[in-house]
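Remarks on the structure that follows.
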Protein chains: 2
Amino acid sequence: MRPSARKIASVLTQKGYKLTAQRRAVIDVVVNSRQHLSPAALYERVRRTHPAIGLVTVYRTLEMLYELGLICRVHRGGKSRSYTLAPSVHHHHLVCAQCGTVADFTRCDLEVLQQRISRETGFKIEGHLLQFLGHCRDCQTRA
Amino acid sequence: MRPSARKIASVLTQKGYKLTAQRRAVIDVVVNSRQHLSPAALYERVRRTHPAIGLVTVYRTLEMLYELGLICRVHRGGKSRSYTLAPSVHHHHLVCAQCGTVADFTRCDLEVLQQRISRETGFKIEGHLLQFLGHCRDCQTRA
DNA sequence: ATAGTAAGTGAAAACCCTTTTCAGTTAGAT
DNA sequence: ATCTAACTGAAAAGGGTTTTCACTTACTAT
């Protein structure tokens, strides 16, 4: 179940952050977007309801939400980052090298590998970073 | 076995690229470095033996070597890229969250997962990024 | 309600890394 | 030795992100 804008707002006030109109607007866009969005794309959408907002504020709000673990950030090789609502389920990303589209997938099945690596290296493994890079259906068709 | 500077140079001439002093210098640094280096770090090192070289040339040479598959490029979230000699074996990293030690491991066994993801999403998968994060043996003992 | 204050805002500038432009130089073919 | 396309370095441009700073505002304490 996706976190609501209300829930996120309450975390903010609880942590001592002020609940400004700008922050509400950014949160609303993030909550109502299904896709990963770049700061610029988010800015565009926020401006529809809040034309006076600055790109800087969008950056700052995203950074804050990210620090609080409310949204997650994906790096797209060299280009801009993208943000999306923090999902309730453990999942990973699949990035299109051409258009930057990000798809999600679950069930990474890394437990067995993780156990082997742990045994071989003596590391106590606490997490993993897994991302696939490729070309999405649309870009394949276009080519 | 690591490719030699001579081998790389011969690929260049074979492909019709000119073998300039600057390119030789960049290749030498890459071949003699064990770690991944950012363009800036590489530039610093190349300048020791070739003070007049421009950063642009370093970028251009790295791009060229990358296009030829002679070196590989790693994206480090948000920051600069880094380059290293194309390794003979496919491998991944295991990073200690405490001391920063990096261990390598091979056999990531992601083919099955990769096929499933490809089938489910329609993406043509070309590569993956896998990294484990944990605590190394030494840091566990110390704690 | 009101005033006070620290937090937050937007515009512009600064930053970093990377790419492009352009006039001058050079490796390698003839 | 000559020629020419490829290559070079400096400077400027570019894109995304962060910093700076004067102004504004959400919340707190009267």
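To find a chain, count down the sequence lines: A is the first, B the second, and so on, and within it residues start at 1.
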Q: Determine: side-chain N/O of A:Arg23 to OP1/OP2 of C:dT9, distance under 4.0 Å, yes or no.
A: yes
Q) Which pairs count as side chain to side chain donor-acceptor pair (under 3.5 Å) when at least one residue sits in residues 43-53 of chain A, sequence neighbours excluded? A) A:Tyr43-A:Arg47
Q: Please work out which of the three classes, parallel, tilted or perpendicular, describes the rings of B:Phe105 and B:His92, given edges at 30° and 60°.
A: tilted
(Q) If you only use heavy atoms from C-beta on, which nucleotide in D:dT19, D:dA10, C:dG28 is closest to the side chain of A:Val56? (A) D:dT19
Q: Let me know the distance between OH of B:Tyr59 and P of D:dG14, rounded to the nearest Å.
A: 18 Å
Q) Would you call B:Arg107 and A:Glu120 a salt bridge, using N to O less than 4.0 angstrom? A) yes
Q. What residues, two or more places apart in sequence or in another chain, satisfy salt bridge (charged side-chain N to carboxylate O under 4.0 Å, His left out) together with A:Asp138?
A. none
Q) Does the side chain of A:Leu12 come within less than 4.5 Å of A:Leu68's, by heavy atoms? A) yes
Q: Could you check how far CG of B:Leu55 sits from P of D:dA10, rounded to whole Å?
A: 10 Å
Q: Describe the nucleic acid contact of A:Ala40 in one word from base, sugar-phosphate, nothing, applying a heavy-atom distance below 4.0 Å.
A: nothing
Q) Rounded to whole angstroms, how far apart are NE2 on B:His50 and P on C:dT26? A) 11 Å
Q. Side chains of A:Glu63 and A:Arg73: closer than 4.5 Å at any heavy-atom pair?
A. yes
Q) Please give, in whole Å, the distance from C:dT26 C1' to B:Arg24 CZ? A) 13 Å
Give each protein N/O atom lying under 3.5 Å from an N/O atom of nucleotides 21-26 of chain D, with the pair distance.
unit_1, atom_1, unit_2, atom_2, d
D:dA26, N3, A:Lys18, NZ, 3.2

Q | Atom-to-atom span, OH of B:Tyr17 to C1' of C:dT26 - whole angstrom | A | 18 Å
Q) Should B:Leu129 and A:Leu133 count as side-chain neighbours, where that means a heavy-atom distance under 4.5 Å? A) no
Q | Atom-pair distance (OH on B:Tyr66; P on C:dT18), nearest Å | A | 13 Å
Q: Could you state the atom-to-atom distance from CD1 of B:Ile53 to P of D:dC7 in whole Å?
A: 14 Å
**Q.** Atom pair distance, as rounded to whole Å: CG in A:Leu12 and C1' in C:dG8
**A.** 12 Å
Q: Return the 5'-most residue of the pair A:Glu63, B:Val58 with respect to DNA chain D, ranking by each residue's nearest nucleotide.
A: B:Val58
